[in-house]
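These notes are about the structure you will find just below.
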Amino acid sequence: MRFSAMFIPTLRETPSETEAISHKLMLRAGFVRQLASGLYIFLPLGWRVMNKINAILREEMDAIGAQEISMPVLHPAEIWQQTGRWDAIGDEMFRLKDRTGRDMCLGMTHEEIMTWLASREIRSYRDLPQVWYQIQTKLRDEARPKSGVLRTREFIMKDSYSFDVSEEGLRKNYQLHAEAYHTIFTRCGLKFSMVESDPGMMGGAISHEFMAPSPAGEDEIALCDKCGYSANVELAVSIPVKNEPKEWSLEEVHTPDKRTVQEVSNFLKLPSSYFIKSILVIADEGPVIALVRGDQELHEKKLAKVIGNHRPAQKREVKEILGVEAGFIGPVGQTIRIIADTSLKKGEYVSGANKPHYHLRGIKAEKDFSPEWHDIHTAKAGDLCAKCESALRVERVIEIGNIFQLGIKYSNPLRAFFLDENGQEKPIVMGSYGIGPARIAAAAIEQNNDKDGIIWPKSIAPFDVELLPLNMNDPKTVDVAEKLYADLTAMGLEILMDDRDERAGVKFKDADLIGIPLQIILGEKNLKEGLVEIKERKTKEAVKVKVEEVVERTTSLR
RNA sequence: CGGGGCGUAGCGCAGUUUGGUAGCGCGCACGGUUCGGGACCGUGAAGUCGGAGGUUCAAAUCCUCUCGCCCCGACCA
């Protein structure tokens with residue numbers, strides 16, 4: 001491609017109202033433009049990258065026997081009503097009516113439609129297994145689109161669905177997908193981890209997420225370098241570092257106006273890990289006290305799994321229900337339901353005395369209070385791995401893919417049944433598997449950039465090589481450039497030739513910004529000696545090479 | 001949905017406090033000089049100041065309403 005013939009609107013200045021590096025660089029380098037909040041236009045360069053990624057997705061999906069199909073984006077409501085998600089999902093679903101008044105929605109995902117197809121077409125165990133996938137647009141009315149292409153309202157997703165006769169078949173397809181995903185992300189040049197994840201509303205028992213480390217991410221994962229344990233902090237379990245034992249007998253201590261853990265900790269000159277944080281929440285069943293150690297944070301979702309929907313109590317409610325203001329509540333002598341984090345089972349603690357301006361020191365679990373024990377704290381860096389007790393690391397990550405074992409959650413309500421060898425009717429056992437190609441692109445930029453711009457991994461770069469004939473008014477430069485362009489193209493390389501009548505500086509700046517992995521620089525002086533420069537975008541290292549050797553050297557570097 | 005910020009030329013911004021009829025840099029067009037890391041000189045085009053209503057002799061500026069975008073949080077199948 002000739003630069004002059006391609007629409008590459010680079011920007012010298014960073015548009016304001018952008019935060020994520022990938023967002024800034026995609027805009028500046030002319031890969032995307034924003035249409036509205038959470039809606040992006042992919043320009044020629046951006047679309048080339050997307051297609052590179054999609055080609056890898058297709059190759060690896062085909063390699064595990066998945067078959068590409070294409071499903072509508074507009075769905076009738078009935079199918080979503082049958083699985084209950086029409087009602088379970090709120091404002092995030094785009095809904096509309098057709099001209100006859102029929103309820104419709106725009107697909108946020110395709111479990112329902114894929115299962116509908118299976119329910120109509122799959123009758124016998126002989127028809128199974130099947131794996132179907134598509135690379136298709138999804139629409140979600142996100143509460144908060146953000147970070148450029150990372151969280152949008154309309155996005156392309158590679159989604160595949162496996163259909164099996166048994167759990168065993170599902171596990172096999174699940175495993176195949178996990179392996180394919182490893183290959184895909186490795187090929188795309190990403191650093192990533194596969195972690196245990198919370199299936200959430202997707203349903204099913206087991207799910208994993210593929211996470212690319214980046215400060216622009218929205219999730220956090222806990223990692224153990226020793227035993228390899230890795231999980232989304234949504235469900236990661238950890239053991240807080242143990243306290244030195246204390247020889248305390250139970251006694252009240254006067255703590256005038258000291259309410260927060262921090263205040264009492266400073267006042268008593270005791271680390272916050274010796275305190276019990278008592279948090280009153282209002283659940284559907286009524287008030288519940290949640291206890292976590294003073295240096296830990298309560299994990300709302302873990303607590304929700306135990307007591308269901310709940311909200312923090314207001315200050316006024318604390319006083320009404322417990323008879324003492326929030327700063328001085330504690331577990332001892334309570335009659336309402338108490339859920340305590342398991343890390344409090346051992347040790348001696350300080351907590352509120354349920355009496356204004358007093359705390360109790362020397363509290364022991366089971367002796368002074370008897371709660372229900374659950375893991376309800378948030379795993380944090382420095383906590384110990386629940387499996388091998390070495391220190392955990394916590395990393396911010398971008399979710400680039402996920403895999404779910406759905407089981408019969410969708411096949412049952414949609415009556416996707418088959419007859420087994422014995423003529424027995426059984427629901428198809430399903431899995432679903434997603435990858436966001438735009439997130440791969442964004443994560444690749446987040447992980448590979450410098451002050452000058454993007455540094456694309458070779459596999460997903462919009463072009464293999466950028467040719468930079470510096471002076472388009474020099475006939476020799478143009479001749480050599482045209483020849484190299486033709487020869488390299490003939491070798492199967494994709495070349496972007498900056499044939500614009502621009503100054504050298506402009507071409508260099510744009511080339512670095514756009515981030516094509518190899519630059520071949522044709523300067524007048526070098527050409528007089530029969531030389532050109534081959535420069536790696538990543539290292540900025542350049543070698544001078546004879547014109548005749550360029551094709552060979554370039555193909556070997558690629 | 002809660003909190004905060006911002007809408008002035010394609011982009012980045014000043015002007016708003018204290019009303020007086022819109023400006024700078026980049027980009028763009030044309031001419032000339034330049035030509036290995038975002039050149040220089042000159043000329044020029046380009047803005048219903050997000051929108052609607054109001055106050056006023058006069059509104060980018062003050063008031064009311066409204067739309068949009070960004071950030072933090074909640075949410076995220």
Side-chain angles (χ1 to χ4, degrees), chain A residues 9-20 23-24 27-30 33-40 80 83-93 105 107-112 115 138-148 150-153 155 157 159 197-204 207 209 216-219 232 234 300-301 304 309 311-312 399 402 404 406 409-410 432-434 436 451-453 468-474 477 498 500-514 519-528 531-533 535 540 542 544:
Chain A
T10 59
L11 263 24
R12 186 191 292 239
E13 284 170 291
T14 308
S16 63
E17 315 218 305
T18 57
E19 201 67 24
H23 189 194
K24 290 179 184 171
L27 247 20
R28 279 196 59 208
R33 286 295 182 263
Q34 185 178 20
L35 172 65
S37 180
L39 299 175
Y40 282 82
W80 287 81
T83 61
R85 286 163 112 190
W86 178 265
D87 295 314
I89 294 167
D91 294 336
E92 218 172 315
M93 183 187 275
C105 66
M108 339 176 51
T109 175
H110 282 78
E111 277 78 16
E112 274 77 0
T115 311
K138 312 286 179 204
L139 292 122
R140 300 180 185 181
D141 197 357
E142 287 288 348
R144 182 146 106 82
K146 57 182 286 201
S147 308
L150 279 176
R151 188 163 206 82
T152 54
R153 296 192 291 176
F155 58 97
M157 184 160 132
D159 48 326
S197 76
D198 184 349
M201 293 269 299
M202 261 300 194
S207 69
E209 288 163 327
E218 299 179 86
D219 287 290
N232 194 313
E234 299 286 330
E300 305 272 342
K301 286 189 178 168
N309 283 334
R311 59 172 175 83
E399 182 188 347
N402 51 42
F404 296 91
L406 299 175
K409 178 175 160 114
Y410 296 92
S432 84
Y433 316 87
K451 65 171 182 14
D452 294 314
L468 296 166
L470 296 184
N471 183 1
M472 291 302 289
N473 296 317
D474 173 44
T477 302
D498 193 345
R500 295 175 300 171
D501 185 15
E502 284 287 355
R503 298 169 62 84
V506 173
K507 296 191 179 191
F508 286 135
K509 288 289 182 189
D510 275 345
D512 287 349
L513 222 205
I514 290 166
Q519 300 173 3
I520 298 181
I521 301 161
L522 312 191
E524 242 179 302
K525 279 182 200 152
N526 283 328
L527 278 178
K528 279 184 184 143
L531 297 173
V532 305
E533 277 172 273
K535 185 171 169 187
K540 297 261 173 101
K544 287 188 187 175

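Values reported hereafter were calculated over all heavy atoms of this structure, with side chains retained and with hydrogens, waters and symmetry mates removed. We name chains A, B, ... by the order of the sequence lines, and we start the count at 1 in each one. Note that this is a predicted model, so its numbers are computed, not measured.
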*Remember a base hit wins even if backbone is also touched, and classify E533(A) as base, sugar-phosphate or nothing at under 4.0 Å, heavy atoms.*
base
*So what does D452(A) hit on the nucleic acid, given a heavy-atom distance under 4.0 Å: a base, only sugar-phosphate, or nothing?*
nothing
*Could you please name the partner base of A46(B), counting Watson-Crick and G-U wobble pairs only when both distances are under 3.5 Å?*
none
Find every protein N or O atom lying less than 3.5 Å from an N or O atom of nucleotides 3-5 of chain B, and list the pairs.
from  : atom 1 : to     : atom 2 : distance (Å)
G5(B) : N2     : E17(A) : OE2    : 3.4

*Salt bridge between E111(A) and R85(A), side-chain N to carboxylate O under 4.0 Å?*
yes
*asked:* Classify D91(A) by what it touches in the nucleic acid, base, sugar-phosphate, or nothing, heavy-atom distance under 4.0 Å.
replied: nothing
_For G12(B), the Watson-Crick or wobble partner whose two distances fall under 3.5 Å_ = C24(B)
_Separation of C35(B) P from E502(A) CD (nearest whole Å)_ = 16 Å
_Sugar-phosphate only, base, or nothing, as touched by T477(A) at under 4.0 Å among non-hydrogen atoms_ = nothing
*If you look at every strand shown and take non-hydrogen atoms under 4.0 Å, does T18(A) touch a base, only sugar-phosphate, or nothing?*
nothing
*Is any side-chain N or O of D512(A) under 3.5 Å from a base N or O of G37(B), one able to act as donor and the other as acceptor?*
yes
*Does any donor-acceptor pair link the side chain of N526(A) with the base of G36(B) at a separation under 3.5 Å?*
yes
*Grab the CZ-P distance between R144(A) and C75(B) for me, whole Å please.*
13 Å
_hbond_proxy E13(A) side chain to G10(B) base (donor-acceptor, 3.5 Å cutoff)_ = no
*Look through every strand shown and name the nucleotide pairing with A74(B) as Watson-Crick or G-U wobble, where both distances are under 3.5 Å.*
none
*Just call it for R28(A): base, sugar-phosphate, or nothing, with non-hydrogen atoms closer than 4.0 Å on any strand.*
base
*Name the pairing partner of U33(B), where a pair is Watson-Crick or G-U wobble with both distances under 3.5 Å, or state none.*
A39(B)
